[in-house]
Amino acid sequence: QSRRCCGGWRSAAALVTIVGLPLLLVSLWFAYRLDIVISEQLGEIKRIAQSENNIALNTMVFNDSSNAGIISSIQNSKPILVENGGSYSTVELDKYLGAFNTVALVYRDGFLSDDHLCASFAFYVEEANGNSEVTKYLTDYPHYFGGFRELLSTIRKSKSSLCRPYQGH
């Protein structure tokens, strides 16, 4: 009678093995496919977030009248700060350079793509860095505006074709 009992268990174990192994393999395949689908969806969500962040950062930097004025002063080789015959206070220049700190943080955290960084901000970062008044200001305050300095380095090392025009400086 013990053989009859154990024979039933053996049959049940064999049945579980025969049915269970294919079910396990099918389950693993579905889990793998689900992982791929989720990864693709997360990639798409990240691209959308990067685009939205680019729009928000552009608005922050460029839709501000003092920032626009500072950009104009830099582009037209005119003084920026009141103390040098310009129209802007040190607070306004701080705000302008500080906006690039925000851009740098968003980029560093992966919420802004290389292409967005290069297309939207590289030109303005390089122009500001080429302005003697801005470089003196940055030199006078070496412990501030680390994000601006990081962007310079990032732009110059970027593999994005949109940053290439700014990599010869």
Side-chain angles (χ1 to χ4, degrees), residues 30-169:
F30 276 118
Y32 172 75
R33 290 295 307 148
L34 183 61
D35 184 53
I36 289 173
V37 169
I38 289 172
S39 293
E40 289 170 354
Q41 289 175 342
L42 288 174
E44 183 62 23
I45 289 168
K46 183 177 180 181
R47 281 188 292 281
I48 291 167
Q50 288 174 336
S51 292
E52 289 177 356
N53 288 334
N54 185 46
I55 292 166
L57 290 169
N58 271 280
T59 301
M60 177 190 73
V61 173
F62 303 118
N63 283 7
D64 178 276
S65 61
S66 64
N67 286 353
I70 290 170
I71 290 168
S72 178
S73 294
I74 291 169
Q75 289 178 343
N76 294 305
S77 300
K78 294 190 176 186
I80 299 168
L81 296 173
V82 171
E83 64 194 50
N84 298 327
S87 303
Y88 301 95
S89 69
T90 56
V91 172
E92 290 168 307
L93 184 55
D94 284 349
K95 183 171 59 92
Y96 178 66
L97 295 171
F100 290 109
N101 285 347
T102 303
V103 171
L105 288 171
V106 172
Y107 174 80
R108 184 197 67 202
D109 290 345
F111 298 115
L112 187 67
S113 72
D114 284 347
D115 285 346
H116 287 133
L117 172 67
C118 296
S120 295
F121 304 106
F123 174 79
Y124 299 98
V125 170
E126 284 294 337
E127 271 204 334
N129 189 58
N131 179 279
S132 60
E133 199 170 354
V134 172
T135 54
K136 181 184 179 321
Y137 195 77
L138 291 168
T139 302
D140 290 347
Y141 298 97
H143 301 295
Y144 300 98
F145 314 113
F148 182 85
R149 291 178 178 91
E150 284 176 31
L151 287 178
L152 283 168
S153 175
T154 299
I155 290 164
R156 291 175 182 169
K157 294 176 185 174
S158 175
K159 295 188 183 343
S160 170
S161 63
L162 298 172
C163 269
R164 284 195 194 115
Y166 313 106
Q167 294 176 340
H169 298 126

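Computation of the quantities below employed the complete heavy-atom set of this structure, encompassing side-chain atoms and omitting hydrogens, waters and symmetry-equivalent molecules.
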From [X] atom [atom1] to [Y] atom [atom2], the distance as rounded to the nearest 0.5 Å:
X	Y	atom1	atom2	answer
Lys159	Gln167	NZ	CD	9.5 Å
Leu42	Ile38	CG	CD1	7.0 Å
Asn101	Lys95	CG	NZ	13.5 Å
Glu127	Ile74	CD	CD1	7.0 Å
Ser160	Leu162	OG	CG	4.0 Å
Cys163	Glu126	SG	CD	8.5 Å

- By ring pair (Phe, Tyr, Trp, His ring centres under 6.0 Å) - contacts of Tyr124 (at least two apart): Phe62
What closest approach, in Å, do [X] and [Y] show between heavy atoms, and which atom pair accounts for it?
X	Y	value
Lys46	Gly110	CE-O, 3.3 Å
Ala122	Tyr166	CB-CD1, 3.5 Å
Asn129	Thr135	O-CG2, 2.7 Å

[X] vs [Y] side-chain heavy atoms within contact, under 4.5 Å:
X	Y	value
Phe121	Ile155	no
Leu81	Thr90	yes
Glu92	Ser87	no
Ile55	Glu52	no

Would the distance check show the side chain of [X] and the main-chain N or O of [Y] forming a donor-acceptor pair, the cut-off being under 3.5 Å?
X	Y	result
Asn53	Phe111	yes
Asn131	Glu133	yes
Asn54	Gln50	no

- Task: Start with the C-alpha distance between Tyr137 and Ile80, add both sets of side-chain angles, then the distance that settles side-chain contact (heavy atoms from CB on, under 4.5 Å), and finish with yes or no.
- Result: CA-CA 11 Å; Tyr137 195 77; Ile80 299 168; over 6 Å; no
- Message: Exactly one of Thr102, Asp114, Thr154 should register a side chain to side chain donor-acceptor pair (under 3.5 Å) with Tyr107. Which one does?
- Response: Asp114
- Could you tell me whether the side chains of Asp64 and Tyr96 share a donor-acceptor contact shorter than 3.5 Å? no
- Message: Set out, in order, the CA-CA distance, both residues' side-chain angles and the distance that settles side chain to side chain donor-acceptor pair (under 3.5 Å) for Tyr141 and Asp94, then state yes or no.
- Response: CA-CA 10 Å; Tyr141 298 97; Asp94 284 349; over 6 Å; no
- Message: Evaluate Tyr88 against Leu93 for side-chain contact (heavy atoms from CB on, under 4.5 Å), listing each step before the verdict.
- Response: CA-CA 7 Å; Tyr88 301 95; Leu93 184 55; 5.9 Å; no
Distance-only criterion, 3.5 Å: show the donor-acceptor pairs between side-chain atoms of residues 142-153 and protein atoms not counting sequence neighbours.
residue : atom : partner : partner atom : Å
Arg149  : NH1  : Tyr144  : O            : 2.3
Arg149  : NH1  : Phe145  : O            : 3.4
Arg149  : NH2  : Leu138  : O            : 2.6
Ser153  : OG   : Lys157  : NZ           : 3.4

